Peer 1: 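What follows is a single structure, and I will ask about it in a moment.
Naming convention: chains lettered A, B, ... in sequence-line order (proteins, then strands); numbering from 1 in each chain. The model shown is predicted, which means the values in this text are computed figures rather than measured ones.
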There are 4 protein chains.
Amino acid sequence: MFSGIYTPIVTPFNEREEIDYCKMKHNLDRWSETNLDGIVVLGSNGEFVYLTMPEKLELVEFVINNFTADKKIIVGTGCESTRETIELNYIVADLGADAVLVLPPSYFKGSMNDDVLYRHYVDIAEECPVPVMIYNMPKNTGINLPSSLVAKLSQHPNIVGIKDTSGNITQLAELVRDTEDGFSVFAGNAGYLLPALAVGAKGATLALANILPNECCEVVSLFREGKIASAGELQQKLLEPNNLVTAKLGVPALKAALDMLGYQGGIPRRPLRPLSDDDRETVKNALIRFGVLK
Amino acid sequence: MFSGIYTPIVTPFNEREEIDYCKMKHNLDRWSETNLDGIVVLGSNGEFVYLTMPEKLELVEFVINNFTADKKIIVGTGCESTRETIELNYIVADLGADAVLVLPPSYFKGSMNDDVLYRHYVDIAEECPVPVMIYNMPKNTGINLPSSLVAKLSQHPNIVGIKDTSGNITQLAELVRDTEDGFSVFAGNAGYLLPALAVGAKGATLALANILPNECCEVVSLFREGKIASAGELQQKLLEPNNLVTAKLGVPALKAALDMLGYQGGIPRRPLRPLSDDDRETVKNALIRFGVLK
Amino acid sequence: MFSGIYTPIVTPFNEREEIDYCKMKHNLDRWSETNLDGIVVLGSNGEFVYLTMPEKLELVEFVINNFTADKKIIVGTGCESTRETIELNYIVADLGADAVLVLPPSYFKGSMNDDVLYRHYVDIAEECPVPVMIYNMPKNTGINLPSSLVAKLSQHPNIVGIKDTSGNITQLAELVRDTEDGFSVFAGNAGYLLPALAVGAKGATLALANILPNECCEVVSLFREGKIASAGELQQKLLEPNNLVTAKLGVPALKAALDMLGYQGGIPRRPLRPLSDDDRETVKNALIRFGVLK
Amino acid sequence: MFSGIYTPIVTPFNEREEIDYCKMKHNLDRWSETNLDGIVVLGSNGEFVYLTMPEKLELVEFVINNFTADKKIIVGTGCESTRETIELNYIVADLGADAVLVLPPSYFKGSMNDDVLYRHYVDIAEECPVPVMIYNMPKNTGINLPSSLVAKLSQHPNIVGIKDTSGNITQLAELVRDTEDGFSVFAGNAGYLLPALAVGAKGATLALANILPNECCEVVSLFREGKIASAGELQQKLLEPNNLVTAKLGVPALKAALDMLGYQGGIPRRPLRPLSDDDRETVKNALIRFGVLK
C-alpha cells in the first residue's frame, strides 16, 4: 500500500537541453536523505511530455539505479494509446519500478467517455506487472475522472490508488468514501494537503516536495499526531512557495528554486523558458520569507 | 464578528407559487430551536432570483419578525446594479437585518474586471448601515472573486466576511491568510466544511443546514474540541445528503427533504419543478441511510 | 415574420444615473430615419439588468410612444422566474410591443436542463399575447440553448424566432435547417452577420446597429443582390468597430461611440463605468478609420 | 500558396491494431482521383497521437511514395517540445513533405502564454526546410491561438498559413484581415466551410473530405462562381454527415463511413473503439439521406 509524501522529480537539462545526469544524481542523493516516502519519475514536473521514448527509458533506468532502495519509485507511463502505455509498463516494471502512474488519454476529449476510459484502464491493469495508480490532472488534460469511475476502477486488484490534482476537495472526499479499502487516495498539490488528510487521503504526490520535502512530510506527521493547529499553521506557510512553483510560475520556478536551495534544477526544455529575473526574485523572496533561504 | 453555522433558508411556495408564510413560520420555529448561529434570507436556496422586489421586502420583514432574536439574520441583497443594491441595503437594515450578503453583478461578465468589482463593493460598503459580507458563487454567476481582490476589500471596515462557494479549498486558505484579522471566511457548501475549518474558516453558510442544522454544527464543535477523527467521520457522512440537495438535485431536493423531516418545504417556483418520484426516492433513501428518517 | 436588421437600443443615463428621456427621444428620432427594420428595447445593450421593474415599464411605454410606427419594436422580457416573465409579457403587449425577446433563466445553471427550459418557454408562449423570440446568449448567461431544443420549441405557433449570440455558426446553420418554416433565425452579433446570412439567417439583432445602422443593413442588401464580394468587404470593415463596442469594451464603448456620432449615449449605470480616455481614443480612431468620423 | 480542399487522412489499423498499408494504398488511390488539392498525413483524424515515432516516419514515407504527385502532402509534426518538432520537420521535409502542420504544445496550459507560443513557432519556422502551417485546435488542446498572435507569426516568411478549427467565425475573419498577404487561412471543419469562404478563407482541411471529397470541393467551386444560393444548399446538406464524423461520433464514425463508401477505414486504435451497431446505423442512414449510399 502506498502512503505518505512522494515528489514528482524534475528532469534537469543542460544548456543544450539535454538531460543532465550529473545534476540528477546530485538531486537523487539529496532526496535520499529526506523523509520522503518515494519519488515519481516521468511525472508532469519531470517534463515527461518533452522527452522522447529513448530518453524516457534511459532516465528511468538511471533513476532506479541511483536512488536509495529505501524509498519507492513510481514511474509515469500514461501515453495516448492503450497499447503504447501497456508496452511502456512492461519495460519500466522490468527496470524495477514499484508502480506506474497513468494519466488518461485526452486528445480526443469528445470521445473519452467513462466507458472508454474504464476499458482503457482495465486493459492496462490486466497486463501491468506492477500496481497501477491513476493520475487525475484535469488542468492539463482537460478531462476529469469522476469519483464514480474511479470507484469502479478501484475494484480491479491491480489498480491501487489515485493521485487527484483536480483541487476539488469534495471529490477527493468522495474518492476516499467510494473506493475499495486499501486503495490509496493521494492529493496532487500541496495547496490542499492538510484538507486532503482531514478527509482521509493516505498521502500526496507534491511538486513542492522537490524543494521542501521534509516540510511536506511534517504536515503529515503533525496531522497523524493530532496536532491539527500546528499542521494548519504549516499548511498555511506552504501556500506561498507552493503557488509559485505550481499554478503561478510552474516548472521553470520549481527548477530555479531547486538551484537556490542546493539542488540542481537546470533549465527547462523549450517551449518552457528559464524564469525571468523578476520572477526569480519573487521566488527568492518567498523562500527567504519561508525561512529556508537567507 | 460572524462565525459558526448559518443556513440560507428556503422560501416555501404553495400550489399557486405564492409564498406560504404558514410554512415559513413553521420552519422558523424549528430552526430557532437548533444550534444554528443564524440564517440567511434571500440566499440562493431562498430562490431570491424568482422573487419580485415587493415579495423580497415582505419576506424579509416577516422573517425578522418571526425568528428568534437569539440568532443572527443576514439578508441577501446583491442586485446587478450598484444603486439598486445600495437601496435594498438601506431597507433591509431598517427592517432589522444584522448584515447583508452581496453577490457580485455578473451579467456583463466581460466587463466585470477586478477594478469594476472593487469599486462596486466599496460603493456599497460606504453606504450600508450594516456590515457587508461578500458572496462568491462562481458556479451560478460565472465569476470568481480572486483572493487578491477580496483581501483588498477586507481592508474596508464595513466589509466583514465572505461566503466562498467556489469549492477551491486552496483559495479559501489564501482568503484566511490574506484578509484582515477579524474578517470572517465562511465555507459555502457542506462538501468541504471540515477542510475549510482545517485551513482557518470561521464558519459556513450551508444549504444542508436547512435539514441537518445540528449535524453541521457538530462538525464545528468536534473540530474545535480537537476531535479530528470524529469530525472526519461526520464530514464523510454528510457528503451524500449534501450532494443531493445541492449540486446533484438542487433546491427541489432540499425542499422535498424538508418535507420528509418535519419541516415544510413546499414546492419550488417555475422554471424549477418539484422533484420526480424517482429522485424523491433517492433523497428518501439517503436520509434513511443517514439515520434521520425511517 | 421577422427579418432584416434590428438594434438593441441603449438606455442613456444622466449624471445621477437616471434614465435620460431627452437623449432617448433624440436617438429614437435618428433611428427612425435609418433603414433599420426595428429595435429591441430592454435588450442586453439596454442595460435591462440594471433597471428596476417600474423603470422598465416606463421606458417601454416611452419608446413605443416615441418611435416611428413604420418599424417594429421588440421588448426584452426574460426574467428568472416563469411567472414574472409571463406577467411582464402581458404588460408590454398591452403597451404595444410587436414581440418579446426572452432570455432563458440561468441562475441555477445545474437545474436548467433541456426539459426545464422547454417547459419554461412553452408556459410563456402559451400565455403571451404577442409572438415570442428566444434569446440565446451563452456568454452572459452561461447557458447555451442547443439547436435540438430550439427546433422543438419552433413547433409552437407562438414561438417565432431566435436571436443566437453564441457565435457558433454551425449551430446557427443547424437552427436554420431544423426549425419550422417561417421561424426567424437571427444572428446576435455583427462579427458574423454575412456568414449567418450565407447559411440562411433571416436577419440580425446587432449592438453595432446602434451606431452603424445603415451599414449593417447594407450587408443584408448586398447579400440579397448576390454581391457577395462587396458584402464580404463591408463585413470585414465592420469587424473592428463591432469588436470595440461588444466583446472588447462593451456598453460603455457603445455609448461613447453614440456620443461621437451625433447620437446621445449618456453614461452607463454602475457597476459599469464610463470609458477611460485611452479607450475613448481607441474607439474614436476606429470610427475615423471606418470613415464615419473625422 | 496553399488553397482549396485538403483532407486529414485516416490511418487504417488491422485487427491487431497495426497500420494496414494495403488499406492505406487503396484509399490513397481513391483520393488521387478526386478533386482534392491535397492531403494531411498525421493529422488529428490520422490518430497521430496513437502512433509511435517509428510508425510516424514509416507512414509518412509510405504515403509520399504512394500518393499522386499532382496533389500536395502536408504532414502534421507538432510535438510538445520545440526540439522534437524541429527534428521531425527535418525528417519529413527530407522524405518529401510539401509543408508541415504544427499543433501548439498544450500540456502545460498555464505556461503557454502568447510569448512562449510565439517563440516556439519562430524557433520551428527558422529551422524548417519546408513551409509551416499553424494548427489551431482548441477543442482538443485546450489552447486557442488568438488572431493577434497569428498575425504576428504570419510576418515570418516561412509561416504560410493556419488551419483554424476553433469554429469561431469572427476570429477566422480577423485572421484573414490581420495576417500578411499570401497567408492562407483555412477552415478546420466542414460545419462552417461556406461561412469561412465568405469572410476570405482560401481553403479548408476537412475530416469530412475523407468521405465526401468532391462535395467539399464543390462548395468552393460554387462559391468562386458566385453561385451563393447553391453553395448554401450544399453547405446545409453537408452538416449532418459532417457532425457525425467529427463532433458527435469522431474518428470511429469516419472510419466506419469510409468502409461504407468503398474506402477502407479499418478499426481505430484503443482507447478509441469501433462504432457500436446503433451508431453505425445512424451513420449509414445519414449517408443514405445524403444520397451517396443506397
Side-chain angles (χ1 to χ4, degrees), chain B residues 13 16-18 44-45 47-55 78-88 103-113 115-124 137-143 246-253 268-273 275-276, chain C residues 13 16-18 44-45 47-55 78-88 103-113 115-124 137-143 246-253 268-273 275-276:
Chain B
F13 297 107
R16 290 184 311 284
E17 294 188 35
E18 287 158 3
S44 295
N45 290 285
E47 293 170 77
F48 80 98
V49 288
Y50 299 150
L51 300 176
T52 63
M53 185 56 76
E55 285 178 325
C79 302
E80 282 286 328
S81 89
T82 310
R83 59 190 265 140
E84 194 171 6
T85 310
I86 289 171
E87 283 164 23
L88 186 52
L103 199 69
S106 63
Y107 187 72
F108 293 109
K109 296 188 198 334
S111 300
M112 295 298 107
N113 58 42
D115 182 52
V116 161
L117 291 168
Y118 176 77
R119 295 205 276 174
H120 173 74
Y121 275 108
V122 167
D123 285 355
I124 285 166
M137 180 45 145
K139 201 177 122 194
N140 287 15
T141 63
I143 285 185
T246 60
K248 192 159 181 188
L249 298 173
V251 172
R269 209 170 241 189
R270 286 174 299 159
L272 294 181
R273 303 280 171 170
L275 223 50
S276 70
Chain C
F13 297 107
R16 291 185 311 284
E17 293 188 36
E18 287 157 3
S44 295
N45 290 284
E47 294 171 75
F48 80 96
V49 289
Y50 300 151
L51 301 175
T52 64
M53 186 55 75
E55 285 177 324
C79 303
E80 282 286 328
S81 89
T82 309
R83 59 191 264 137
E84 195 171 4
T85 309
I86 290 171
E87 284 164 22
L88 186 51
L103 199 70
S106 64
Y107 187 72
F108 294 109
K109 296 188 196 339
S111 300
M112 294 300 106
N113 57 42
D115 182 52
V116 161
L117 290 168
Y118 176 77
R119 295 206 275 175
H120 173 73
Y121 275 108
V122 167
D123 285 355
I124 285 166
M137 180 45 147
K139 201 176 123 193
N140 286 15
T141 63
I143 285 185
T246 61
K248 192 159 181 187
L249 298 172
V251 172
R269 208 170 240 187
R270 284 175 302 160
L272 294 181
R273 304 277 172 172
L275 222 50
S276 70

Peer 1: Would you indicate whether the side-chain heavy atoms of R83(C) and E18(B) approach each other to under 4.5 Å?
Peer 2: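 Yes. Closest side-chain heavy atoms under 4.5 Å.
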Peer 1: Tell me, side chain or backbone of R273(B) under 4.5 Å from chain C's heavy atoms, or both, or neither?
Peer 2: side chain
Peer 1: Specify which of L117(B), T52(B), T82(B) makes the most heavy-atom pairs with chain C at under 4.5 Å.
Peer 2: T82(B)
Peer 1: With a 4.5 angstrom heavy-atom cut-off, which part of K248(B) approaches chain C: side chain, backbone, both or neither?
Peer 2: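 Neither part, no heavy atoms under 4.5 Å.
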Peer 1: When heavy-atom pairs shorter than 4.5 Å are enumerated against chain B, which of C79(C), S44(C), S111(C) gives the highest number?
Peer 2: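 The option with the most such pairs is S44(C).
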Peer 1: M112(B) versus chain C, heavy atoms under 4.5 Å apart: side chain, backbone, both or neither?
Peer 2: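 Side chain only.
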Peer 1: For chain C, find which of E80(B), E47(B), M137(B) contributes the most heavy-atom pairs closer than 4.5 angstrom.
Peer 2: E80(B)
Peer 1: Quick one: what part of E17(B) sits under 4.5 Å from any heavy atom of chain C, side chain, backbone, both or neither?
Peer 2: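 Interface part for E17(B): both.
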Peer 1: Verify whether the ring centers belonging to Y107(C) and F48(B) lie closer than 6.0 Å.
Peer 2: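 Between F48(B) and Y107(C), which both carry aromatic rings, the centre distance is below 6.0 Å.
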Peer 1: Pick out which of I124(B), D123(B), T85(B), V116(B) makes a side-chain contact (heavy atoms from CB on, under 4.5 Å) with R270(C).
Peer 2: D123(B)
Peer 1: What part of L103(B) is in contact with chain C, defined as an atom under 4.5 angstrom from a non-hydrogen atom: side chain, backbone, both or neither?
Peer 2: side chain
Peer 1: What are the two closest heavy atoms between S81(B) and P271(C), and how far apart are they?
Peer 2: CA-CD, 4.0 Å
Peer 1: Heavy-atom cut-off 4.5 Å, strictly under: side chain, backbone, both or neither for R269(C) against chain B?
Peer 2: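 Only the side chain of R269(C) comes within 4.5 Å of chain B.
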